[in-house]
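Data block below; observations after.
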Amino acid sequence: EPVFPGEVVLSRSPGGGGWGDPLDRDPRRVWEDVIDGLVSPKRAHDVYGVVVGPEGCPPDEMELDVAATERLRKERREKAPSAHPA
């Protein structure tokens, strides 16, 4: 479609697939994405193995739970050792 002067084009995409194992991403960077509204707390948990909370509070008030994140990631790696080599 042609775009004419004064018109605006808006494109939305779900983002990229990323690079490498999501469990290797720096938890603080995932937490920052939650704070910035780029990643939901549920997605941080489900995809990146990062625990933030407390549950139900606004994203900009959420804190990174380092100990719970380490436990969750360890548990996931133990369940799928071939996908997450040590």
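Small disclaimer: the values here were computed from a predicted structure and weren't measured. Computation of the quantities below employed the complete heavy-atom set of this structure, encompassing side-chain atoms and omitting hydrogens, waters and symmetry-equivalent molecules.
- The two residues Asp24 and Arg77 come nearest to each other via the heavy atoms OD1-NH2, 2.6 Å.
- Residues passing the side chain to side chain donor-acceptor pair (under 3.5 Å) test with Asp33 are Arg25, sequence neighbours excluded.
- Between Arg76 and Leu23, the closest side-chain pair of non-hydrogen atoms falls below 4.5 Å.
- Here the shortest heavy-atom pairing between Val52 and Pro41 reads CG2-CB, 3.8 Å.
- Residues Ala44 and Val39 come closest through the heavy atom pair N-CG1, 3.6 Å.
- Under the side chain to side chain contact (heavy atoms under 4.5 Å, CB included) criterion, Val3 pairs with Glu7, Val9, sequence neighbours left out.
- Ion pairing of Lys79 with Glu75 is present here, as a side-chain N (NZ or NE/NH1/NH2) and a carboxylate O approach within less than 4.0 Å.
- For Asp26, the side chain to side chain contact (heavy atoms under 4.5 Å, CB included) test picks out Arg28, Arg29, with sequence neighbours left out.
- For the pair Glu70 and Lys74, the salt-bridge criterion is not met [side-chain N within less than 4.0 Å of a carboxylate O].
- Applying the side chain to side chain contact (heavy atoms under 4.5 Å, CB included) rule to Asp46 yields the partners Lys42; only residues at least two apart in sequence or on another chain are considered.
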Could you go through residues 55-69 and list every donor-acceptor pair under 3.5 Å that involves a side-chain atom there, pairing it with any protein atom two or more places apart or in another chain?
unit_1 : atom_1 : unit_2 : atom_2 : d
Asp65  : OD1    : Ala67  : N      : 3.4
Asp65  : OD1    : Ala68  : N      : 3.0
Thr69  : OG1    : Val51  : N      : 2.9
Thr69  : OG1    : Asp65  : O      : 2.8

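- Note: the hydrophobic cluster containing Val30 also contains Val47 (ILVMFWY, side chain heavy atoms under 4.5 Å, direct or indirect links).
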